[in-house]
Amino acid sequence: MPRYQPRQLEPKWQAYWEKHETFRTPDLPTGPKLYVLDMFPYPSGDGLHVGHPEGYTATDIVCRFERMRGKSVLHPMGFDAFGLPAEEHAIRTNTPPRVQTERNIANFRRQLKMLGLSYDWNRELATTDVDYFRWTQWIFTLLFDTWFDDEAGRGRPIAELPVPSEVAEQGEREIRKYQDQFRLAYQSDALVNWCPALGTVLANEEVIDGKSERGNHPVQRIPLRQWMLRITAYADRLERDLELVRWPDSTKKLQADWIGRSVGAEVDFFLGSPEQFSDWKSERSRRGFPAQPGADVLRIYTTRPDTLFGATYMVIAPEHPFVDRLTTAGQRAAITAYRERAATRSDRERTEASKAKTGVFTGSHAINPVNGQPIPIWIADYVLISYGTGAIMAVPAHDTRDFEFAVEFHLPIVAVVDPGSVGEVDRAKLLAGEQCYAGVGRAIHSNEFDGMETEPFKIRIAERLAAEGIGRRAVNYKLRDWLFSRQRFWGEPFPILHELDGAGQPTGMLRAVPPDQLPVDLPRLDDYKPHGRPEPPLAKAPDDWLYPVIDGQRYRRETNTMPQWAGSCWYYLRFIDPKNPQAPVDREKERVWMPVDLYVGGAEHAVLHLLYARFWHKVLYDRGFVSTPEPFARLVHQGMILGEIEFTGYQDASGNWISASDVAEDANGAPVMRIKTPTGGAATTPPTALQARKVDPEQVEKKGDLFVLRELPSIRIESRANKMSKSRGNVVNPDEIVRDFGADSLRLYEMFMGPLEQVKPWSMAGVSGVRGFLDRAWRMIVDEKLEAIALSPAIDDSLPSDAQNRVIHKTIQAVTRDLERMEFNTAIARMMEFVNFFTKESQRPRSAMEAFVLLLSPFAPHIAEELWQLLGHSQSLAHAPWPPFEEAYTRDTSIEVPVQICGKLRSKISVPADCSPDDLETAARADARIAELLAGKQIVKSIVVPGRLVNFVVK
RNA sequence: GGCCGAGUGGCGGAAUGGCAGACGCACAGGACUUAAAAUCCUGUUUGGGGUUACCCAAGUGCGGGUUCGAGUCCCGCCUCGGCUACCA
């Protein structure tokens with residue numbers, strides 16, 4: 001037999017690990033703890049993708065390595081199993097979504113186990129488990145029970161919310177209504193993205209170009225009662241605490257940009273006549289800036305209060321509540337038409353039309369508070385109702401959007417910032433209103449502020465506005481509250497009850513389901529179809545589910561369900577204590593295991609999942625249920641794995657090759673002839689459609705930087721790796737790789753492809769390459785010529801020679817260091833060098849082979865266990881100590897040092913490793929070749945770097 | 001448009017500012033074999049020179065700069081990829 005046969009070996013060891021519970025993690029760590037987490041997968045019907053094992057193998061290697069170094073490792077896996085595909089399947093087949101979901105989970109579990117990942121499967125969970133979502137619901141009730149105390153900067157129980165006495169006097173129901181306005185989970189009538197085809201409302205981030213992310217269906221905006229989570233209350237802390245975590249800078253920046261904190265000022269523009277303006281101003285001076293703007297002003301938000309003198313018009317969002325009031329009779333028809341169009345216009349249409357600004361004059365004016373000038377008020381959809389105050393002052397000279405709008409509608413442009421001599425700005429054009437400049441400079445046309453630099457001016461004018469009661473400093477965030485409800489069946493039901501009156505009508509009073517009555521399980525339905533109305537499928541539930549009676553009071557259950565994000569917001573906590581019936585997680589266990597020390601997952605979750613989870617974590621922290629301010633101490637993103645590199649050529653309808661340099665893409669991304677219009681004018685005929693053809697690598701050759709057809713070198717061929725997709729037919733299935741090469745080869749290849757975080761193309765030849773390495777490693781230890789399994793005759797109990805010791809200890813050192821840095825590809829290269837060396841050795845000491853097997857084991861655990869057993873061990877190596885290296889053997893006694901003349905390599909000398917700089921220089925001068933080249937030259941300078949090089953600078 | 005990342009042999013990639021191309025793939029030649037597969041050995045950046053050992057020159061997307069010395073640091077571009085998009 002004994003060739004290396006992963007197909008027999010791998011199931012054997014997987015069964016062994018399972019039987020011996022090799023990777024069971026104790027409830028509490030027995031040594032230094034390490035919590036390593038993968039982003040758990042959505043169990044789709046397609047099964048695992050080769051992208052999954054990339055991150056999973058990386059974390060598995062870290063876990064196996066650290067276990068051997070004595071750490072108590074928590075390494076769990078689960079499934080993010082709510083979601084639309086299962087529900088769509090349920091609708092098609094009229095089976096409960098749970099059925100298909102569990103089938104998919106079983107397949108994912110099988111595939112994950114097939115990879116030999118060292119999870120503690122006793123901790124497995126799915127977000128759809130009733131025992132799990134019971135606590136998701138419990139956390140929702142906690143959000144419902146929490147308000148954000150701005151002064152303390154943290155969430156507190158709603159019972160501690162100060163209630164104004166005039167409210168308290170009106171009794172219990174008024175108090176509850178008052179409290180409802182401050183809860184972190186609240187209801188709101190929001191304009192939502194209603195997708196008729198999916199029968200659900202989507203979050204903004206699930207809508208791409210006006211189409212649903214899933215299915216690409218059209219989306220409309222309609223108002224609907226929705227559950228919202230007040231994530232904006234935590235915006236400041238979510239941004240600030242990014243400092244506490246070791247995450248990629250790019251991800252931190254993405255989150256900070258998404259939160260989008262900006263500091264500026266709110267300013268009130270007077271809506272009365274110029275004659276009343278001075279009265280208004282003096283009244284404001286007396287009474288100060290009101291917390292809520294009255295009807296006599298239009299309140300705007302700006303980050304550039306220094307440009308107030310350049311405000312030549314104002315714009316309010318089409319949805320702004322003042323639109324009706326500000327519209328004059330003559331403008332009414334135009335305004336109404338514009339508002340209707342804006343309401344029905346999808347985001348896609350807005351995007352496409354973004355080149356040209358649109359808007360309508362209301363007929364009204366407001367007065368610029370700094371100079372008393374009346375300026376016109378317009379409505380336009382480039383101003384968003386949901387940001388700031390929904391109204392802006394337009395400063396066309398210093399804001400590109402305002403500039404485009406002003407040019408379009410011939411509005412005045414007044415420059416108030418002198419850029420001085422900034423590179424690309426034409427100062428004369430700016431002053432003439434022909435160019436826009438958004439940068440900083442020195443104030444002009446700003447009365448007594450002329451000459452001030454932008455930054456001090458901002459501070460000065462803010463003080464002035466505050467003193468005069470017409471403005472105040474303000475902070476805004478791009479982040480919006482989180483639209484948290486979905487009109488679907490397959491999600492966590494909200495643990496919320498709507499109180500009903502005697503006639504069965506809602507009273508508007510809410511209560512959370514009491515904790516002892518959780519979970520609220522999903523009811524069985526006759527069918528799972530959405531009805532095309534924005535009313536959730538749960539409204540079709542049987543009455544005994546829908547209308548519970550508690551303490552004699554009849555209620556209607558909330559019929560919305562939570563979005564898929566909910567379950568992934570806290571799963572990392574449940575893994576610590578997955579079976580706890582009393583609490584989401586035991587506090588003592590939480591305290592010792594948290595935070596997650598290493599979290600690995602795709603960069604596509606850089607914003608949403610990671611931001612939502614941090615938000616929930618902070619609420620749990622404020623309420624005393626977790627002990628760390630941040631959940632994920634360190635984050636790493638694995639890079640995407642692309643398909644095999646493909647050569648693509650293009651042909652026209654008659655089969656003539658078209659050079660890739662002459663190919664462009666049309667609006668749909670289809671290849672067409674590039675239109676050459678030397679004058680830059682628009683083409684009159686539509687471009688010729690082309691066919692993309694896969695070209696055999698044999699027919700292609702490299703010419704300079706490009707690839708061309710071998711037969712027809714004038715034809716350029718595209719060479720690139722594409723995203724794996726069903727439609728392209730370049731998806732690699734892990735089942736096939738395991739079948740053909742083995743799980744160890746798949747693991748090893750995914751790590752050997754390149755740095756973990758980089759995007760990399762798949763290559764089947766590469767997989768067989770690492771398989772070749774495992775074959776060689778096997779033959780280094782096993783005698784494969786024999787029928788029975790036996791060690792290679794080269795293996796004995798001798799002590800390693802000096803040369804062997806150097807290889808052994810250098811390899812241990814390098815692999816250990818690379819693992820600590822998560823540089824897996826170079827660690828594998830070092831092990832390959834080890835095998836290349838030792839297969840040439842006729843005497844292979846057992847101790848050396850054992851050290852190698854231990855080094856290999858985190859990467860290729862099955863073959864390593866098998867070899868470990870062959871080397872005479874009866875126990876799994878999973879907890880064997882990591883081999884140490886001896887410093888002395890990692891240093892060579894004699895080293896080769898390059899000698900340069902004027903930075904060019906001219907010779908190499910061999911010297912003792914501890915050679916002094918003086919001796920090194922002497923040895924370099926003594927080298928025959930160097931001496932010859934130095935003869936007759938004057939040495940200007942000698943650079944001697946001990947152990948590295950010698951460089952002579954000569955004239 | 002903005003932000004982030006990446007450009008090194010035929011390919012994936014390696015290189016604390018110090019010998020560019022480790023390791024693997026692919027390819028070529030050789031050994032073993034009746035033969036093939038498998039395996040083992042040797043070679044492979046480009047151009048030029050030499051009988052061999054070898055020597056010379058150029059070379060990490062492009063153009064500058066810092067330095068004794070730059071794939072690596074700085075400035076300015078180009079190309080590709082990802083994310084994002086009127087946030088006042």
Side-chain angles (χ1 to χ4, degrees), chain A residues 3 205 208-209 248-251 253-254 257-258 260-262 264 300-304 307 315 347 350-351 354-355 357 380-384 386-395 398-402 404-405 438 476-480 603-604 606-607 639-640 642 644-645 697 700-702 705 707 719-721 723 749 752-755 757-770 772-773 775-776 779 784 823 825-833 836 839-840 896-908 940-943 945 947-954:
Chain A
R3 280 183 53 194
E205 50 273 14
I208 293 165
D209 290 340
D249 285 340
S250 56
T251 304
K253 190 169 184 311
L254 225 49
D257 287 350
W258 189 267
R261 183 174 198 267
S262 75
I300 60 100
Y301 171 73
T302 179
T303 54
R304 292 293 301 268
T307 60
V315 184
D347 284 353
R350 284 196 182 195
T351 311
S354 68
K355 296 145 208 155
K357 292 270 183 292
D381 64 6
Y382 83 90
V383 172
L384 310 174
S386 50
Y387 185 77
T389 60
I392 63 156
M393 65 168 189
V395 185
H398 304 292
D399 180 287
T400 52
R401 296 151 304 181
D402 297 344
E404 286 166 17
F405 192 84
N476 259 299
Y477 299 93
K478 289 205 306 199
L479 184 69
R480 305 293 148 80
E604 66 273 22
V607 178
M640 201 194 316
L642 305 174
E644 295 248 2
I645 291 178
V700 174
E701 68 181 357
K702 191 155 187 176
D705 288 341
F707 287 90
S719 156
R720 57 182 257 186
K723 258 188 199 174
Y749 174 64
F752 189 60
M753 289 169 86
E757 302 187 47
Q758 217 162 82
V759 180
K760 316 165 266 280
W762 184 266
S763 153
M764 273 314 168
V767 187
S768 74
V770 294
F773 160 65
D775 282 324
R776 282 192 294 280
R779 286 194 299 271
E784 70 167 4
E823 292 171 3
N825 54 332
T826 49
I828 294 167
R830 294 290 91 80
M831 292 190 283
M832 288 172 167
E833 286 176 307
N836 290 346
T839 40
K840 291 190 181 87
E896 199 177 54
V897 172
V899 183
Q900 300 179 338
I901 293 177
C902 291
K904 284 187 191 292
L905 178 71
R906 290 305 175 209
S907 186
K908 294 172 192 177
V940 183
K941 195 173 175 185
S942 312
I943 292 106
V945 184
R948 302 302 299 196
L949 95 168
V950 180
N951 185 13
F952 295 107
V953 184
V954 300

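So you know, we letter chains A, B, ... as the sequences are listed, proteins then strands, and number each from 1.
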Hey, what are the protein-to-nucleotides 78-82 of chain B N/O distances that come in under 3.5 Å?
from	atom 1	to	atom 2	distance (Å)
B/G81	OP1	A/R720	NH1	2.9

Closest non-hydrogen atoms of A/G388 and A/Y301, given as atom of the first, atom of the second and distance, are CA-CB, 4.2 Å

(Q) Using only modelled atom types and a 3.5 angstrom limit, is any donor from either the side chain of A/K941 or the base of B/C68 paired with an acceptor on the other? (A) no

side-chain contact (heavy atoms from CB on, under 4.5 Å) filter on A/S386, not counting sequence neighbours, yields A/L384, A/R480

From NZ of A/K478 across to C1' of B/C83 the rounded distance in Å is 12 Å

Sorted by chain and number, sequence neighbours left out, salt bridge (Lys or Arg N to Asp or Glu O under 4.0 Å) with A/E833 holds for A/R830

Nucleotide by nucleotide, nucleotides 70-75 of chain B touches protein heavy atoms under 4.0 Å in the pattern (B base, S sugar-phosphate only, - none) ------

Here the distance between atom P of B/A88 and atom CG of A/D399, to the nearest Å, is 9 Å

Against the side chain of A/L384, the closest entry in B/U16, B/G12, B/A88 is B/A88

Q. Counting any heavy atom closer than 4.0 Å, what does A/P248 reach on the DNA or RNA strands: base, sugar-phosphate only, or nothing?
A. nothing

A/L949 has its side chain closest, among B/A88, B/G12, B/G18, to B/G18

Testing B/A88, B/C11, B/C4 for proximity to the side chain of A/T302, the answer is B/A88

Categorize A/E896 for me: base, sugar-phosphate, or nothing, with a 4.0 angstrom heavy-atom threshold over every strand shown. base

Tell me what A/S262 touches on the nucleic acid: a base, only sugar-phosphate, or nothing, going by heavy atoms under 4.0 Å. sugar-phosphate

Atom CZ of A/R480 and atom C1' of B/C86 are separated, to the nearest Å, by 12 Å

Taken to the nearest whole Å, CZ/A/R779 to C1'/B/U39 is 6 Å

Just so I know, are the side chains of A/S942 and A/V950 near enough to count as touching, which here means a heavy-atom distance under 4.5 Å? no

Sequence neighbours excluded, the answer for salt bridge (Lys or Arg N to Asp or Glu O under 4.0 Å) partners of A/R906 is none

Looking only at heavy atoms, the pair that brings A/V395 and A/D402 closest together is N-OD2, 2.9 Å

Taken in chain and number order and not counting sequence neighbours, the residues that satisfy salt bridge (Lys or Arg N to Asp or Glu O under 4.0 Å) with A/K253 are A/D257

d(A/K478 NZ, A/R261 CZ) to nearest 0.5 Å is 14.5 Å

note: A/L254, atom CG; B/A85, atom P; distance rounded to Å ~ 10 Å

Practice task
Could you check if a side-chain atom of A/Q900 sits within less than 4.5 angstrom of a side-chain atom of A/L949, using non-hydrogen atoms only?
Solution key: yes

Nearest heavy-atom contact between A/S768 and A/A765 is OG-O, 3.0 Å

From NZ of A/K840 across to P of B/C41 the rounded distance in Å is 5 Å

For A/R776, the salt bridge (Lys or Arg N to Asp or Glu O under 4.0 Å) test, sequence neighbours excluded, returns none

Residue set satisfying ring-ring contact (aromatic ring centres under 6.0 Å, His included) with A/F405, at least two apart, ordered chain then number -> A/Y313, A/W378, A/Y382, A/F409

query: Would you say B/G18 has OP1 or OP2 under 4.0 Å from some side-chain N or O of A/K904?
result: no

So, does A/Q758 get its side chain near the phosphate of B/G5, meaning an N or O under 4.0 Å from OP1 or OP2? no

dist A/M393:CE -> A/T307:OG1 (nearest 0.5 Å) comes out at 3.5 Å

Exercise. If you look at every strand shown and take non-hydrogen atoms under 4.0 Å, does A/D249 touch a base, only sugar-phosphate, or nothing?
Worked result: nothing

Here the distance between atom P of B/A85 and atom NZ of A/K357, to the nearest Å, is 16 Å

Taking every heavy atom of A/S719 against every heavy atom of A/I645, the minimum-distance pair comes out as OG-CG2, 3.9 Å

Under 3.5 Å, which protein N or O atoms sit close to an N or O of nucleotides 23-31 of chain B? Give each pair with its distance.
from	atom 1	to	atom 2	distance (Å)
B/G24	OP1	A/N836	ND2	2.9

Read 5' to 3' with Watson-Crick or G-U pairs under 3.5 Å, [ ] for crossing pairs and | for partners on another strand, RNA chain B gives (((((((..(((.....[....)))((((((.......))))))(((((....)))))..(((((..]....))))))))))))....

Close N/O contacts between protein and nucleotides 59-61 of chain B (under 3.5 Å):
none

Expected label for B/G63 (glycosidic angle, syn inside 90° of 0, else anti) would be anti

The side-chain contact (heavy atoms from CB on, under 4.5 Å) partners of A/L254 (sequence neighbours excluded) come to A/A606, A/V607

Original post:
For A/R906, which contact category applies under a 4.0 Å heavy-atom criterion: base, sugar-phosphate, or nothing?
Top reply: sugar-phosphate

Of all heavy-atom pairs linking A/S262 and A/T303, the shortest is OG-CG2, 3.8 Å

From CG of A/D257 across to P of B/G5 the rounded distance in Å is 12 Å

Q.
Categorize A/Q900 for me: base, sugar-phosphate, or nothing, with a 4.0 angstrom heavy-atom threshold over every strand shown.
A. base

dist A/Y749:OH -> A/M764:CE (nearest 0.5 Å) comes out at 9.0 Å

